[in-house]
Amino acid sequence: MNRHPATVVAVELESSMVIVQPDQPVACARCAAGRGCGAGVFSKSVGTLSVALGDNDAVPAVGERVSLVIESGGLLRGATLVYGLPLA
């Protein structure tokens, strides 16, 4: 599991979205070292991310520190969708 610390910068209750700013670029260890697939090139600058809230999720306050968590298999599933479907 990959964890990335972030800060909540906005909460949009109407759309159940939370806008967070990661402390550092979100990339896997290989991309961060420059030996990955190249996707890390697009995450060199730290921007904001929109995260959808689930039905049972607590709503964080602006300024609250949170952790973005990517499950180990989630990255592989995402890469398969992004790269595998167009190839099929």
Side-chain angles (χ1 to χ4, degrees):
M1 221 180 270
N2 295 320
R3 291 185 180 273
H4 300 279
T7 303
V8 175
V9 294
V11 177
E12 299 174 359
L13 294 177
E14 304 84 34
S15 59
S16 298
M17 299 293 285
V18 175
I19 312 298
V20 297
Q21 182 167 8
D23 291 351
Q24 55 187 328
V26 177
C28 70
R30 289 184 55 94
C31 286
R35 298 185 324 261
C37 66
V41 170
F42 301 109
S43 64
K44 291 295 184 199
S45 63
V46 177
T48 59
L49 300 170
S50 297
V51 181
L53 290 173
D55 291 336
N56 297 325
D57 291 340
V59 179
V62 173
E64 188 173 339
R65 303 283 296 148
V66 295
S67 289
L68 302 175
V69 179
I70 302 172
E71 294 180 19
S72 300
L75 189 58
L76 180 59
R77 281 190 302 273
T80 301
L81 286 173
V82 171
Y83 294 111
L85 288 179
L87 288 174

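Heavy-atom basis, side chains included; hydrogens, waters and symmetry copies ignored.
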Notebook entry, point to check: For the hydrophobic clusters of this structure (ILVMFWY residues joined by side-chain heavy atoms under 4.5 Å, transitively), does one cluster hold both V9 and V66?
Noted result: no

Notebook entry, point to check: By side-chain contact (heavy atoms from CB on, under 4.5 Å), which residues pair with S50, not counting sequence neighbours?
Noted result: M17, I19

Checklist line | Nearest heavy-atom neighbours spanning A6 and P22 | finding: CB-CA, 3.7 Å

Next item on the list: Determine the minimum heavy-atom distance between A10 and V62, stating which atoms define it.
Entry: CA-CG2, 4.1 Å

Checklist line | Side-chain hydrophobic cluster, 4.5 Å single linkage: members besides L85 | finding: L81

Next item on the list: Name all residues meeting the side-chain contact (heavy atoms from CB on, under 4.5 Å) criterion together with L13; count only those two or more places apart in sequence or in a different chain, and write none if there are none.
Entry: V11, V59

Next item on the list: Could you pull out all residues at least two apart from R65 that satisfy side-chain contact (heavy atoms from CB on, under 4.5 Å)?
Entry: P5, T7, D23

Note to self: If the condition is side-chain hydrogen bond (donor to acceptor under 3.5 Å, both in side chains), which residues does E64 pass it with, not counting sequence neighbours?
What the structure shows: none

